[in-house]
S.K.: 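Take this structure first; my questions come after.
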Amino acid sequence: MEIPAKYDPSGIEDKWYQNWLNKKYFRSVPDEREPFTIVIPPPNVTGVLHMGHMLNNTIQDVLVRRARMLGKNALWLPGTDHASIATEAKVVAKLKEQGIEKASLTREEFLKHAWEWKEKHGGIILEQLKKLGASCDWDRTKFTMDESMYESVIDVFVDLYNKGLIYRGVRMVNWDPKALTALSDEEVIYKEVKSKLYYLRYKVEGTADEWVTIATTRPETILGDTAVCYHPEDERFKHLAGKRVLVPLIKRSIPMIAAAYVDREFGTGCLKITPAHDINDYHIGLKHKLETIDIFNDNGTLNEKALLYIGQDRFEVRKKIVEDLLSHGHVEKIEDYVNNVGFSERTDEVIEPKLSVQWFLKMADMAAPALEVVMNDTIHFHPEKFKNTYRHWMENVRDWCISRQLWWGQRIPAWYLPDGDLVVAKTPELALEQARKLSGNESLQLNDLKQDEDVLDTWFSSWLWPISVFDGIRHPDNEDIRYYYPTNDLITAPEILFFWVARMIMAGLEYRNDIPFKNVYLTGIVRDKLGRKMSKSLGNSPDPLDLIAKFGADGVRVGMLLTSPAGNDLPFDESLCEQGRNFSNKIWNALRLVKGWQEDARLEQPAYASISVKWFENRLNEAMLQINDHYDKYRLSEALMTAYKLVWDDFCSWYLEMVKPAYQQPIDAATLNASIGFFEKLMRLLHPFMPFITEEIWHLLEDRPEDESIMVALQPDAGNVDETLLSGFQAAAEAVIGIRNVRKEKNIPFKDAIELKIRVTDGSESGAFDPVIGKLGNISSIEYVAEKPGTAAGFMVKACEYYIPLGDGIDLDAEREKLEKELEYTRGFLDSVMKKLGNERFVSNAKPEVVEVEYRKKSDAETRIRLLEEQLQGLKQA
RNA sequence: GGGAGCAUAGCUCAGCUGGUUCAGAGCACCUGCCUUACAAGCAGGGGGUCACAGGUUCGAACCCUGUUGCUCCCA
């Protein structure tokens, strides 16, 4: 069979993925094996795959594939998140394109459109994950608005309400006037914006021409002013105590008040107070019992309470009111100013602080145990440094605003009675029952009750994810939840440590009395070469599917993982994927080599091959131990790098060269079988990182039955490691390199065989690898000698001297110079060792082992110096 | 303003409890090679005052203090 020289992943990847699906290898049901569970951080149902997903899901697939190959019952449970704000925004935009306004639809009609949209576009991202090779149990795919998931959310809401943990409150919230919903603080992005600082003059009431000047960036909000404030110790304003001033244009009389909150250095030292539209002003308003005048409609236009500009947009009004203030002489001056303005993460609209009635979940009691399990390492964070960040947040946690003014999401199960009382219940029927009891009015009907219009924050469903995907809220004792929970590893981004990770821990402790996962692996952010976060708006994110088409899924996976230790940002560059692809090709060509060998059963195994096989066996064991250790520490990049070097350097560059038969010569059976065995073990080691090529090669290396797959093979076990053999090889490898260097320096082509003479002085050289040195160095004869031969080029490995006789063509001066240089270095080295040993305090204080090492260094250096001196002497005589 | 983290080769990062060639890896770079698996390759090579300044110690990239610079979180 002809194998092409370049590995072409297209076709191969689709073929195997389909095969795995057909064979149900991703499927997991509870059995007697140890479970290993990962639940996917559900991507937004509206989403398309971006580089962050690629990294995150590659890591999950590596972990789950490895667990499967360790004989565990591995489940990777996929799904999507309904992402209320983002999805609703998309559906609204889509409807608008069709000329349909959301406002013209009933809630039911809108939801019908939303579901249609979800059915049509919702699965895209999961299909994309398949291209990456994700080994999810697709039969278990969940969506946060699935009936069972929806009901779980409602159950939890009712339960927490009954426990007294959920309450309604008037709060200043971050209002998104475009999405028409409140946002959590975390959904607000602050950006520096160039704006103006307006100095406005307010007339003091009852005076002819006395004025107070305040500074503001938001002149339109003066219509909601209910006080003007100065610092109580500010001499400039003390005379105004108890007086009142008039709001410009509308001439409303408002009091002058004093509060220490005021920064005397800022602006004029005098400040307008608008409790409805600024969080700080709101608090001052509460303290001073000021009136609160909300001048904005929900969509950011002014309402009738503003008295002026009614129905006009806030930014339009800003321009107009400045003109009007100017023409009425109320503007003292206007300065350029840079301030931080909050924008909606979802709609990029300027956030309006707004007072509104919202639902809140009390956090304090839930946060304490959730902090504890992380601090005492019941849950491990990788890397650990995020424990600090986590603690800081948990110790300063605020109540969670869980209501959103949207339709797409779980509707809050609260019903209002005609008299304004409310009941919370799982169903309208139960609500009615409660309402009758509460009001004492048995004739109340469902029609008399009005359900709350709001839905719950998306995170209020995601925080149940590890439980609700197994239906563990509704049926706490079902087989799945008992078997799969707590899950093992959670792989997510540090940005949502609090939104999501912390809250899942709280929910787990509250509803399972157990942690939701044992390890949290925090990935970095994928950035572009300039260090910018990849984003759609910057257009700096490559399309992952294009990358897969170009480099193969295996190549991209390797590229993503090579330089991304846990918690570190990943500066992404296509060349990383190129490296991954090149690695695939390297493996592929190793296969071509091995498959090209013709076996001759009559052949004896040559000496060079038998020692090579022994060596690689040990090297493989050593590397496997290192790889296991890296996995245990969640150092996936290093596990991959160790495997990469094992394959490329040790297997391809050394082992295969060592055992390779001469051109067009056959190979003995023992070596061939050993080589295929090694190759196959290497494929199993690599499989979690590169699932496709390893499966393809697994089937090409040997004839295997149709239903066999590397996916369900076990990871190889690491045997014992013979250190002596490994260091023997190390020395031999150095000798080979030495010979190559001599060849290069002396211009001796490789095809010319040369003689090698070895002078051993301390008996350390066993000669076990001599056949290998002979093969790789193209040595015609190896001879052990007692004396340095006449004209020869030489080098040393440890205390072993190697000589290549050169006849006449030797440059004595060059040789001498080389030796002298080395002698000088070794003497310097010995000096530093002697200095240390001569230090009385070192010898008496340092650990005995350390001192002993220094003595050994001393004697080694002395031997070496003696040898070098002898050689130099020999050269001088020649 | 409060808190946290980081600073090691051109880039991205390892470096565990201070002590073996501990100053490393990969990539990039330089020099030879189209050698019969692979130029997506082979062989060889150069490159760092471990941010700076002190301190502790027989011994510091590692521990302590300060300085500078960068990043993130909260206000």
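What you are looking at is a predicted structure, and each value in this text was computed from that prediction instead of being measured.
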S.K.: Expressed as a whole number of Å, how far does the P atom of B:rA39 sit from that of B:rC34?
M.R.: 13 Å
S.K.: Measure from the side-chain heavy atoms of A:N582 and tell me the nearest of B:rG26, B:rA40, B:rA37.
M.R.: B:rA40
S.K.: Both A:A662 and A:K6 contact RNA chain B. Which one's nearest nucleotide lies toward the 5' end?
M.R.: A:A662
S.K.: Any side-chain N or O of A:K744 under 4.0 Å from OP1/OP2 of B:rG32?
M.R.: no
S.K.: Any side-chain N or O of A:K586 under 4.0 Å from OP1/OP2 of B:rC42?
M.R.: yes
S.K.: Kindly say if A:R592 contacts the phosphate of B:rU36, meaning a side-chain N or O under 4.0 Å from OP1 or OP2.
M.R.: no
S.K.: Just checking A:R391: base, sugar-phosphate only, or nothing, at a heavy-atom cut-off of under 4.0 Å?
M.R.: nothing
S.K.: When you compare B:rG54 with B:rU68, how far apart are their C1' atoms, in angstrom units rounded to a whole number?
M.R.: 15 Å
S.K.: Considering every strand and a 4.0 Å limit on heavy-atom distances, what is the contact class for A:E852: base, sugar-phosphate, or nothing?
M.R.: nothing
S.K.: Return no unless some side-chain N or O of A:N388 is found under 4.0 Å from OP1 or OP2 of B:rG5.
M.R.: yes
S.K.: Are A:Y644 and B:rC27 close enough that a side-chain N or O sits under 4.0 Å from OP1 or OP2?
M.R.: yes
S.K.: Between A:F842 (CZ) and B:rU20 (P), how many Å, whole number?
M.R.: 10 Å
S.K.: Charged N to carboxylate O below 4.0 Å: is that the case for A:E862 and A:K858?
M.R.: yes
S.K.: Reckon A:W393 has a side-chain N or O less than 4.0 Å from the OP1 or OP2 of B:rC72?
M.R.: no
S.K.: Is any side-chain nitrogen or oxygen of A:R398 closer than 4.0 Å to OP1 or OP2 of B:rA75?
M.R.: yes
S.K.: Applying a 4.0 Å non-hydrogen cut-off, can you work out what A:Y663 is touching in the nucleic acid: base, sugar-phosphate, or nothing?
M.R.: base
S.K.: Would you indicate, yes or no, if B:rA40 has its OP1 or OP2 atom less than 4.0 angstrom from a side-chain nitrogen or oxygen of A:R581?
M.R.: no
S.K.: Just how far, in rounded Å, is P of B:rC38 from CD1 of A:I693?
M.R.: 16 Å
S.K.: Would you kindly compare A:E638 and A:L591 by the position of their nearest RNA chain B nucleotide and give the one closer to the 5′ end?
M.R.: A:E638
